[in-house]
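Quick note: numbers below take in every heavy atom, side chains included, and nothing from hydrogens, waters or symmetry partners. Letters A, B, ... are given to chains in the order of the sequence lines, protein chains preceding strands, and every chain is numbered from 1.
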There are 2 protein chains.
Amino acid sequence: MADVAAARSGARTDATAHAPSHARRDAGRGTPAAGGSDRPDAPSGLSPSRATIDDVAREAGVSTATVSRALRHHPYVAESTRQRVLSAVERLRYVANANAARLASGQSRTVGLVAPMITSWYTSELTVGVEEVLTQARFDLLIGTANSAARERIFSGDARFQQRVDGVILVDVFCGDDAATRLADLDTPIVVLGEQVRDLTSVSIDNTRGARLAARHLIELGHKRIALVGGHTNLDVAKNVPTDRTAGFRDTLRSAGIRMPDAYLHDGDFTIPGGREAMHRLLELAKPPTAVFFLSDEMAFGALHALRERELQVGRDVSVVGFDDHPVSEAIGLTTVRQPVRDIGRLGARLMLDALDGFGVVRHHPVEVDLVARMSTGRPR
Amino acid sequence: MADVAAARSGARTDATAHAPSHARRDAGRGTPAAGGSDRPDAPSGLSPSRATIDDVAREAGVSTATVSRALRHHPYVAESTRQRVLSAVERLRYVANANAARLASGQSRTVGLVAPMITSWYTSELTVGVEEVLTQARFDLLIGTANSAARERIFSGDARFQQRVDGVILVDVFCGDDAATRLADLDTPIVVLGEQVRDLTSVSIDNTRGARLAARHLIELGHKRIALVGGHTNLDVAKNVPTDRTAGFRDTLRSAGIRMPDAYLHDGDFTIPGGREAMHRLLELAKPPTAVFFLSDEMAFGALHALRERELQVGRDVSVVGFDDHPVSEAIGLTTVRQPVRDIGRLGARLMLDALDGFGVVRHHPVEVDLVARMSTGRPR
DNA sequence: CGCTCCGATGTAAGCGCTTGCATCTCCGTG
DNA sequence: CACGGAGATGCAAGCGCTTACATCGGAGCG
């Protein structure tokens, strides 16, 4: 996932590769294919992780093939044999060398997770959910920031990524229909989180519905001058998310006979400072809105900052609604549209495992959204 | 990092392992050591990542050894040869198989990151910093939650972890002196972040000093009834952090002739709900404090929630100081002790790379702390 | 001009697993 | 009781790299 030539690491690799590997090699030398004849067989604690599958085989009195099968729950291994192997494993404190297994099997038992802005709460929460499930299944997680280079590479099925990963989980990565098709044609399983993408397995809330909930809430409170702060210009981030949310929101307003002037539409870049800036701009309008819907809680936090700077009171002077239900939102009383982020991550990981099993069925998996009303929203003055 | 027997994954492995590997194997078959005689050599786009080092060697008219050397910037390769190899690599779109390289070299080019509570902002920010640097050096990052099982395993130099990782970065993991010594004796490089541990390379702020800054700030504002909320009971988390901060804080108060009664010391578990709960308990006291120092911003957020629930005004009725400078803190105006979290991660990763290079010098690396005064603190009423 | 020495390559032996086949042992059947 | 077949193992050939050691030209030198 590096976009950088091996500049610095070049020297490093060579400088260091020598000493350690000498040591290892020498330790393992012996008659080829005959096995280390008379090493101190004592299972003492001082030589960690030195046992190989051959040692186990010898200790258990079976072939290495049998050890391998026994350890991986292969069906054709007698229970008694398996026990013998397991006890040998324990005695020798054997731990399989993952790299050897990967090389031999051609499977990396690793899933890549590609996301923009790993810093955001949303993404890291998602990651935690994914990691939780993968870890249980003894899969590794390889995390990559999706700067544009990385994304492009994935889209073109780049080998650098592909070779070390059995599948890829994409977070919020925007995807044109063409790119989606290309992705779907790849032989690597792909799961998209937070977005619904044609021809790909995905997990997300119904963004339109989420936005409708927010709109309805503000309408019911009696607001007429309602603004929306999203993030459109930054093509590096998910695109359906802002689009769908904006559409759903406007739609509902329209049905209620409320129109949102263009001046009420702002870009907050999905960051805290972006939200603050947008709020300031909105408040400088001749007719400022009485309520603002932010497409992420983090932008809403920024808005609260702006309001404080102008000595305005949230929920009274201006109502603010966020999106996500960041843990801080509860603490500061932000009304928001809650989505079960960690669950999305978990489900996504499970779907990935299924796909890797060959059970995968490509389809979209919707999850629940709901509105959490708190003190940041109230009737307009 | 899984603590789970391969229960579910057993079936998976066998069920799926077949189909794909047949395909791969068959594709690669040929006279052993003679090389695939006449495969369609066309560098067409349809067979991704199929080229091996042998293909490159043939294409460039050199031996595989030379290819390997050329690619890893080995000194004894003529520049002209290197160029020939590089162009062959490009033509064939060759990408080295990381697993094979790892197996052959015995180096995993992977660093493990073990932390409690990956959910917390602090940890994920740290992770981002680490990832940034490792990625540049073309190292992989393997993340593990440090539940007690994992931690124990690491402490005892467990092979499962050790075999797939060249070094380990420990975040906030408490370590008794005995355990530290054991760690230091391991052959795996270790870097500790956020804690200062004897005999180990570490990066952290001076926690004592940070706490002093907070204390001084409150004293200067004129507070006399000052409380502290930390997290002590949970041994799973860093221990020096709360200890040092508490010590520094009390110390400074004492010098100013202020004593902190035991009732003013609370455990907030380093979580938002924990902080809220603690704040409530403090406010129920006969003589509630006029200022509270929380050992993390997240706990302080919880406190703000509690204050709002009681309709008290932060900064006027009660002053609140946090620790970390979470991005939300600026938005909501929380006075806090700032530490350069991401930089700590970056520096830690760099130190790890140095250690892996053999340049490592075991020592503690201090980084700056400072106080950021905002509106959550003011003079006592 | 023969010899030493070093830079540049090639040879080939693994690294520690997985797995397609070959074997071998029983057991149920006709 | 011979025979097909399925279950349980063993054999051995790789997987795609890295690297110790051997080899081979020249350049520098006495």
Asker: Which nucleotide in the list C/dA12, D/dC17, C/dG10 gets nearest to the side chain of B/Thr66?
Answerer: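 Nucleotide nearest to B/Thr66's side chain: C/dG10.
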
Asker: Quick one: on DNA chain D, does A/Val67 or A/Tyr76 contact a more 5' nucleotide (nearest heavy atom)?
Answerer: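 The residue whose closest nucleotide sits nearer the 5' end is A/Tyr76.
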
Asker: Can you tell me the distance, in whole Å, between the NE2 atom of B/His74 and the P atom of C/dG7?
Answerer: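 It is 11 Å, rounded to the nearest whole Å.
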
Asker: Rounded to the nearest Å, what distance is computed from the CG atom of residue B/Leu103 to the P atom of nucleotide C/dC15?
Answerer: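 In whole Å, C/dC15 P lies 9 Å from B/Leu103 CG.
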
Asker: If you compare every side-chain N and O of A/Ser68 against the phosphate oxygens of C/dT18 (OP1, OP2), does one of them come in below 4.0 Å?
Answerer: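 Yes, within the criterion.
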
Asker: Mark yes or no for a side-chain to base donor-acceptor pair under 3.5 Å between A/Arg69 and D/dG7, with no hydrogen or angle criteria applied.
Answerer: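 Answer is no: no donor-acceptor pair is held.
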
Asker: Just to verify, which of A/Arg91, A/Glu90, A/Gln83 counts as forming a side-chain hydrogen bond (donor to acceptor under 3.5 Å, both in side chains) with A/Ser87?
Answerer: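 Exactly one candidate clears the test, A/Arg91.
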
Asker: Indicate, with a heavy-atom threshold strictly under 4.0 Å, whether A/Ala98 touches base, sugar-phosphate, or nothing.
Answerer: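 The residue A/Ala98 makes no contact with any strand.
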
Asker: Got a second to check how far A/Asn97's CG is from B/Arg102's CZ, nearest 0.5 Å?
Answerer: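 Interatomic distance, A/Asn97 CG to B/Arg102 CZ, rounded to 0.5 Å: 11.0 Å.
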
Asker: Given C/dT11, C/dT18, D/dG16, identify the nucleotide with an atom nearest to the side chain of A/Ser105.
Answerer: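 From the listed options, C/dT18 comes nearest.
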
Asker: Between C/dG16, D/dC17, D/dT9, which nucleotide has the shortest distance from any of its atoms to the side chain of A/Ala104?
Answerer: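 Closest nucleotide among those given: C/dG16.
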
Asker: Could you state the CG-P distance from A/Leu71 to C/dT18, rounded to the nearest angstrom?
Answerer: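 These atoms are roughly 8 Å apart.
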
Asker: Quick check against the 3.5 Å criterion: does A/Asp166 have a side-chain atom that pairs as donor or acceptor with the backbone of A/Ser108?
Answerer: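 Confirmed, A/Asp166 side chain pairs with A/Ser108 backbone.
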
Asker: Picking from D/dG10, C/dA12, D/dG14, which would you name as closest to the side chain of A/Ala65?
Answerer: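 The closest nucleotide is D/dG10.
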
Asker: Without decimals, in angstroms, what is the distance between A/Ile53 CD1 and C/dG14 P?
Answerer: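 Rounded to whole Å, this separation is 19 Å.
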
Asker: Just to verify, which of B/Leu142, B/Asp140, B/Thr110 counts as forming a side-chain contact (heavy atoms from CB on, under 4.5 Å) with A/Asp140?
Answerer: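 Option passing the side-chain contact (heavy atoms from CB on, under 4.5 Å) with A/Asp140: B/Leu142.
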
Asker: For the pair made of CZ in B/Arg164 and P in C/dG16, what is the distance, rounded to whole Å?
Answerer: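 After rounding, the gap between these two atoms is 16 Å.
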
Asker: Atom CZ of B/Arg109 and atom P of C/dC15: how far apart are they, to the nearest Å?
Answerer: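 About 22 Å, once rounded to whole Å.
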
